[in-house]
Structures are given as structure tokens and as C-alpha cells.
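Throughout, residue positions are numbered sequentially from 1 according to the sequence presented.
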Amino acid sequence: MMTPKELEERIRVRAHEIWERGGRTYGDHEGHWHRATQEIAEEEQAELPKRNRRKARSPH
């Protein structure tokens, strides 16, 4: 589980990547942040079943 600070940093890095891929145009920083937040939330959701399977196999 990520801390809120770790999550914010991950979103910041992703938003910057989105900005770079989009041609480094200015004026849509909120859109980049929103898209990054959505992408990361989707990735975290996709990881949940994998995490649960790992925990289920763990003897601890």
C-alpha cells in the first residue's frame, strides 16, 4: 500500500509523462493530473486480484 505522499509523487510523475507525450503544451495541467490519477487508479484495481492471490498462497 502506498502512502498518500507516494501516491501523489506517482501521479505527478505520470502527469509529467502525459504532458511530454502530448507535445509539452501548456494549459491543461489539470487534465494531465486527472488522466494520471485515473490511469493509476485503474492500474491499482488491476493489481488487486494479483495481490489477493499472493496473500491466499502465503502461509502467513
Side-chain angles (χ1 to χ4, degrees):
M1 186 93 193
M2 281 186 282
T3 67
K5 189 167 183 91
E6 290 169 330
L7 177 59
E8 183 177 347
E9 176 63 13
R10 187 172 171 195
I11 293 169
R12 187 191 66 73
V13 168
R14 180 68 59 89
H16 186 79
E17 292 169 353
I18 292 167
W19 173 72
E20 286 184 326
R21 286 193 307 260
R24 297 182 178 194
T25 57
Y26 289 93
D28 193 23
H29 59 278
E30 290 177 1
H32 298 146
W33 189 270
H34 180 70
R35 182 172 166 197
T37 301
Q38 284 184 314
E39 287 180 7
I40 290 169
E42 290 169 4
E43 291 170 4
E44 288 295 307
Q45 275 299 110
E47 281 292 314
L48 283 177
K50 293 177 186 175
R51 290 183 192 144
N52 290 337
R53 284 194 302 258
R54 286 185 206 130
K55 289 180 181 178
R57 284 187 260 158
S58 176
H60 302 289

Legend entry - Interatomic spacing from CZ in R10 to CD in E43 - rounded to 0.5 Å: 5.0 Å
Legend entry - All side-chain hydrogen bond (donor to acceptor under 3.5 Å, both in side chains) counterparts of E42, not counting sequence neighbours: none
Inset, instruction - Could I get the full list of side-chain hydrogen bond (donor to acceptor under 3.5 Å, both in side chains) partners for E39, not counting sequence neighbours? - result: R14, R35
Inset, instruction - Tell me who clusters with Y26, hydrophobic residues only, linked when side chains sit under 4.5 Å apart either directly or through other members. - result: W19
Inset, instruction - Indicate the atoms forming the closest heavy-atom contact of A36 with I11, along with that distance. - result: CB-O, 3.7 Å
Inset, instruction - Taking atom CD of E20 as the centre, report whether more than 12 heavy atoms of other residues, nucleotides or ligands fall under 6.0 Å from it. - result: yes
Inset, instruction - Identify, with sequence neighbours excluded, every residue that meets ring pair (Phe, Tyr, Trp, His ring centres under 6.0 Å) alongside H34. - result: none
Inset, instruction - Mind checking salt bridge (charged side-chain N to carboxylate O under 4.0 Å, His left out) for R21 and listing every partner two or more places apart, or none if nothing turns up? - result: none
Inset, instruction - Assess whether atom CD of E8 is packed by more than 12 heavy atoms of other residues, nucleotides or ligands within 6.0 Å. - result: no
Inset, instruction - Output all residues satisfying side-chain contact (heavy atoms from CB on, under 4.5 Å) with E30, sequence neighbours left out; order by chain, then residue number. - result: none
Inset, instruction - Using a 4.5 Å cut-off on heavy atoms from C-beta on, say whether the side chain of E6 contacts that of E9. - result: no
Legend entry - Set of side-chain hydrogen bond (donor to acceptor under 3.5 Å, both in side chains) partners for H29, sequence neighbours left out: none
Legend entry - side-chain contact (heavy atoms from CB on, under 4.5 Å) partners for T25, two or more places apart: none
